[in-house]
Amino acid sequence: MERFKIFLLTVAVSAQVTSQDSTDVDSSRNGTYECQAELQGRNVTTAKPYLLRVKELPHPKLSIESKWKVFYPTEKVTLKCSIDEDSNEWGYEWFRNGAQLHEDISSSGNTLSISSAKAIQSGQYTCRGKHLTRPTVTTNQTEAVQLRIQDDTPKPTITKHQWFEFFYTEERVQLHCNMPGDGWEYHWHKDSNPLTTNPELTINSTSVNDTGVYHCKAQRGDFSVDSETVQVRVQSITPKPNITKHQWFEFFYTKERVQLHCNMPGVGWEYHWYKDSKLWITNPELTIDSASVPDTGDFHCEAKRGNFSMDSETVQVRVQNGTPKPNITKHKWFKFFYTEEQVQLHCNMPGDGWEYHWHKDSNPLTTNPALTINSTSVSDTGDFHCKAKRGDFSVDSETVQVRVQNNTPKPNITKHVWFELLYTDEQVQLHCEMQGVGWEYHWYKGLNFRITNPTHTINSTTVADTGDYYCKAQRGDFSVDSETVQVRVEDGRQWNYTWYMNRQKLDESSDVLKVPGNEETIKSEFKCKGIRTERPLYSALSDGFTANNIIFKRKILLAISGCLVCCIVILIIGCIVLKITRKPGVKERATEDLFFSMKDSNNQIVSPMKEYMDDIPIELEECQETEELITDHASAIHEDGVIEGVKDTAPEDLVLSVTDSKNQAVSPIKDIDNSPTELEDKEKPASEANGLTSFKVPTSAPQNLSVEDVNDTSVTLKWRSPENIGSGLDGYTVEYCKEGSSEWVVANKELITSNRIVISGLTTGDLLNIRVVAVNAGGRSEPVSLAQPVTVREVVDRPKIRLPRALRSRYVKHVGEQINVVIPFVGKPKPVISWTKDGQPLDTKKVNIRNSDKDSILFIRKSEREDSGNYEMTVKVDSFEDKASLIIQIVDLPGPPASVKLVDSWGFNAALEWTPPKDNGNTEITGYTIQKADKKTGEWFTVLEHFHRLNATVSDLVMGNTYTFRVFAENKVGRSESAAVTKAAAHIQKTGIVYKPLEYKEHDFSEAPKFTAPLSDRAATVGYTTKLLCAVRGSPKPKIEWLKNQMLIGDDPKYRQINNQGVCSLEIRKPSSFDGGVYTCRAKNALGEATVACKLEVKHVYSDNTPRPIITKHQWFEFFYTEERVQLNCNMPGVGWEYYWYKDSKLRITNPELTIDSASVTDTGDYHCKAQRGDFSVDSETVQVRVQMAVSAQVTSQDSTVDPPKAKLTVDSKWTEFFPNEVVTLQCEIEGGSSGWTFQWKRDAWIYKETENTRVLPITVKHSESGEYSCAGKLNDTVTSQQSNTFMLNVRGSKPTLVLKQDPSDSEIYTGEKVTFTCGIKEQTSQWEYLWKKGSTQGKGDTYIISSAAPSNNGLYTCQIERRGTTFSESTELIVRE
């Protein structure tokens, strides 16, 4: 402040001058000043007045010429000091932290500039004005301005909203740029290209072009800072959410667990699960802990982040109602197995994903679908079953009983018509049998396999059939050998012979008959017959033989042989003399004996008997033998006796040799004399040189000539032996000649004895005629020829097409896909392959066929719809062929529905109808997709997917919008490319909507008290706390009171009264004998009251000195069976006692003896007797009686079945669906009384809880408590009741979803309008009570109506639902305007 000094001069008479010091000038000093001089004694002289004006100094103001107070290095800072007065009169001084600035400062006028700020220049800045003309005049300093200059320059921070590593097209990208401090301007750049000037960069619908590197630049003034870069990646292909199935199966069974997990690449996704297009749950994981049939449906998940969402593919969950049992397949199964046999069982359950666990007698064995016991033993006997398990769900199969016998029996061989010694051509029949079934029988002779058959038959035995036979019984890999049976076959037979002369039996049994050689014997006819004690007992009678002139012939031959040295004349004379002198009727000259020799020659070829001298046959009469006997075990075999020759034993003897030859002719006489004779025919063969002329008979023709095999170089033939082999069989000759030629070629150089031959070295393609001739001593037989010529060619292997399993059903391909079908086949020689399509030849321009020796390939490079059809492949070898059909179906996308129309629209709904597409894509239509678009946006939204019907109702349309609809068709290929669009539009009217709420009859839940579980009589011991329990229900909640002997207990501290969720208990602490009596529980509410009572008996504990009654048991057992007799007797020392019998503390009878004539299960319990005389009583020990049902299926004499008592499960609510924190009470009742029972509760067939002496189970509902509940009772661990009926407890979501609707739905209502509020529950549930609240106003029912709205109706309206004390609420606000 400027100071003025005023000098006041006072001139006094004494000439003294007085002065006054100056003071600080302020506004109070304003005024006119004058100075007077006064001298003492003189007049006062006054100077000219001076006007002083004092002016306030101006107040400068300091400001920063920017909107921000914090600066960064190198930034420009400008400070301005301003004075309100004329600034030209003032200069400025600058100060920092109180010190005047002189350096590093650029000031111009009232401005201070810092061109490049530094941190050291931070501080408190002030300024003041200095008058330019009066330097001493300065203003006060301004208020300090804090200038902050940071040490470092930060970069702008980019904030990412819902940021992901990869974005998908049409997603939203949002970035925000921020820089500390004020005054920043933000510039966004993509790949160094400027985009926008805004703190926020938003891309509402991304595309691939938005991929790049982004950064923002924060700028204020000339200063700018770049942020870090942010990389935005946009994928062109948007993947669908992937659904992971945990333990997934084509079909689920009830109570199985279904678990699905939804995942989408990237982060930030929110997952919504839908079932049949209805929202199910919001969670990445969908879990159905206990599946049921209503859970069947199509599930899909929606992955959502921000405004972008994507649906997954649909997963079909199928839940079958009934759970089948695993099926056990038995491989080679038998009632009894033997040790070391193999047992093989296979377990199968419909569906997949099953794990199989095998158990034997409830003991686990192995985890495998197949159970194999390679070598059984007796310890393997037992009951086997398999358990099919997947996840937490399991099902047991039926039981299979395996029985293993310790001792393995041997097969038993039965002999039919058996003899220790058999002969050739007889029949042998052996039958093998083994205990059990499934056996296969193999016959062996020695170590050589013979045949596989239970019966081994040899129709015509030979000597080669001799040997040891046994059979092997086999099933699977197990086999047992039988005992050995010895078969003996002999060719020769020991016979005794009976001789007949002129039908008279001779006394001779040897094979040689010797008779005198006289005229009688020479003319006699001789026959013989074989006799033995074994089968056959008799042979047939031989042909007759007459020795007529045999001796005469012999002598002539002898004379001729003796006279060979003589001349021919002497020989002739001798012959004439001999003929004259020798007469047949002279007996005395026939003195020689005749010798007949009989031999058994089964294998010789015989000729009919003939006369050798004069070739005149001797007629023999038929022998009528009536003494032959045929036994039951053998029959007469007609065999011919054959005279083989005459043996020269003496000049006078005649010897006959007879051979037994079955089915053969009689041999001629071979020999008469051992010496040669000149009368022999020189042309006879050497074999007949020593005997008479022999006749050789050829065989008949071979039989049944056939071709066994043919190839390109050989023919194999077989035939049967001739029916008549004549003079024996030396072998066969096979001949062939080419068709058209008469030259027969012998195939075998030497005779063959086999009935089979392979003719090799033939030329392929030749047509041959073949014949076979039998050869013996009699010559060649008649030939047997093939009926048709044989062509020499390769063996034909019938063609067979082996169609792969995948091609046996319809073969489906999409249009444009490649078809490459390989079909293998077999056939020889190389078959001829042909293809047809729908019966017509293939078009080789479209279809390529490639054939090889083993397969045929059908190839279509690019399939079209026209390639669909029935393709037939034919494989042919000569006259044999095989065919296979292949159905190929080429499918494509369907066309759109033929037409779609809007049928009706009402409220918020629209009804559509459409017709199937004309083009179904060559396959059935699987569904339709319905979309809607409102007129405002024109964007299409899917309403229904995979919809099967041809009509639909679209709901939840927005009021005031106009909608157009379109329908796509779907098949297994996909959705049609175009859609059918409705011509008419559906307009949802705003006005004129009259909502008619459904009328619900309000359910009255009021109920008078009712005891669901009564009190039970109890017995307590003095000094031991006891508790009485019961359960009651009622609405409103009843008041509970306890009474003792009809006196109200009240608040007596001895008693503790508890009432929790309807379960009432009275605890009596340390009772005494005075606490016994009748206790009553009384429940009261406004609708009535109910009571229940029980008797409590308090017993004393007696000292050991006091005797107790003794119970005597008659015929006592630990367990009694139903209908048995139970008898107990009670005795106390002394007299005057009265006896009382109790069962489970309930008086049964007053009698020393307790007798139950016919016990039943309900008689099970604890019994004791009380001995009383006067007021004194003593209890006996407790006796436990246990009665169980009889082992023999509990059948009484009246054939009635005694079943365990039944259990009944009841629920105190009328609904089965609950929400968390609700309370449900279950009660289990046992038929015939529930006292004394222990109750076992099960949930989903697993034990949940056991309760003693209370049959009430209260449950506070949680999600983990859902399931199927049942109960059963146990009495003293000996009797178990039947399982009760079941109760399904379904737990819904966390709370009911309340749906509030307002009609009209406008946000503001005008006075006078009618307003209707409707409250509903989205879930399927019942028995809820609705209550409306607004302030103190209340209303009941699901509808609340305001007839005429007024401003007083403004406010919050709350709908509250209540059920059994559990409440939920939802509110809506009503605004009413004038």
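Side-chain atoms of W1332 and T1358 include no donor-acceptor pair closer than 3.5 Å. Inspection of the E1138 and Q1172 side chains reveals no N or O donor paired with an N or O acceptor under 3.5 Å. At a cut-off of 3.5 Å, with distance as the only test, no side-chain donor of R1148 or Y1140 sits close to an acceptor on the other residue. A donor-acceptor pair shorter than 3.5 Å can be found between the side chains of S1270 and Q1283.
Sparse packing is recorded around CD of Q1115, with 12 or fewer heavy atoms of other residues, nucleotides or ligands lying under 6.0 Å away. Around NZ of K1095, the count of heavy atoms belonging to other residues, nucleotides or ligands within 6.0 Å does not exceed 12. Counted within 6.0 Å of CG on N1221, heavy atoms from surrounding residues, nucleotides or ligands total 12 or fewer; the atom is thus considered open. For K1262, the NZ atom sits in a loose shell: 12 or fewer heavy atoms of surrounding residues, nucleotides or ligands are nearer than 6.0 Å.
Residues forming a disulfide (SG to SG under 2.5 Å) with C1064 (at least two apart in sequence, or on another chain): none. With sequence neighbours excluded, the residues that form a ring-ring contact (aromatic ring centres under 6.0 Å, His included) with Y1142 are H1168.
With N1129 contributing its side chain and T1112 its backbone, the two residues share no donor-acceptor pair below 3.5 Å. At distances below 3.5 Å, not a single donor-acceptor pair connects side-chain atoms of D1166 with backbone N or O atoms of Q1184. Under a 3.5 Å cut-off, the side chain of N1085 and the backbone N or O of E1007 do form a donor-acceptor pair. Side chain of W1141 to backbone of N1151: a donor-acceptor contact under 3.5 angstrom is found. A distance-only check finds a donor-acceptor pair linking the side chain of R1173 to the backbone of V1135 [under 3.5 Å]. Side chain of Y1344 to backbone of C1319: no donor-acceptor contact under 3.5 angstrom is found.
Within the cation-pi definition used here (under 6.0 Å to the ring centroid, within 45° of the axis), R1125 does not qualify as a partner of F1120.
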Starting from the C-alpha separation in whole Å, work towards a yes-or-no answer on salt bridge (charged side-chain N to carboxylate O under 4.0 Å, His left out) for K1170 and E1097.
CA-CA 13 Å; K1170 177 188 286 185; E1097 183 180 1; 2.7 Å; yes
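Each ring-ring contact (aromatic ring centres under 6.0 Å, His included) pair with one or both residues in residues 1041-1090, not counting sequence neighbours, would appear here, but there are none.
When ring centroids are compared, F1317 and Y1357 come within the 6.0 Å threshold.
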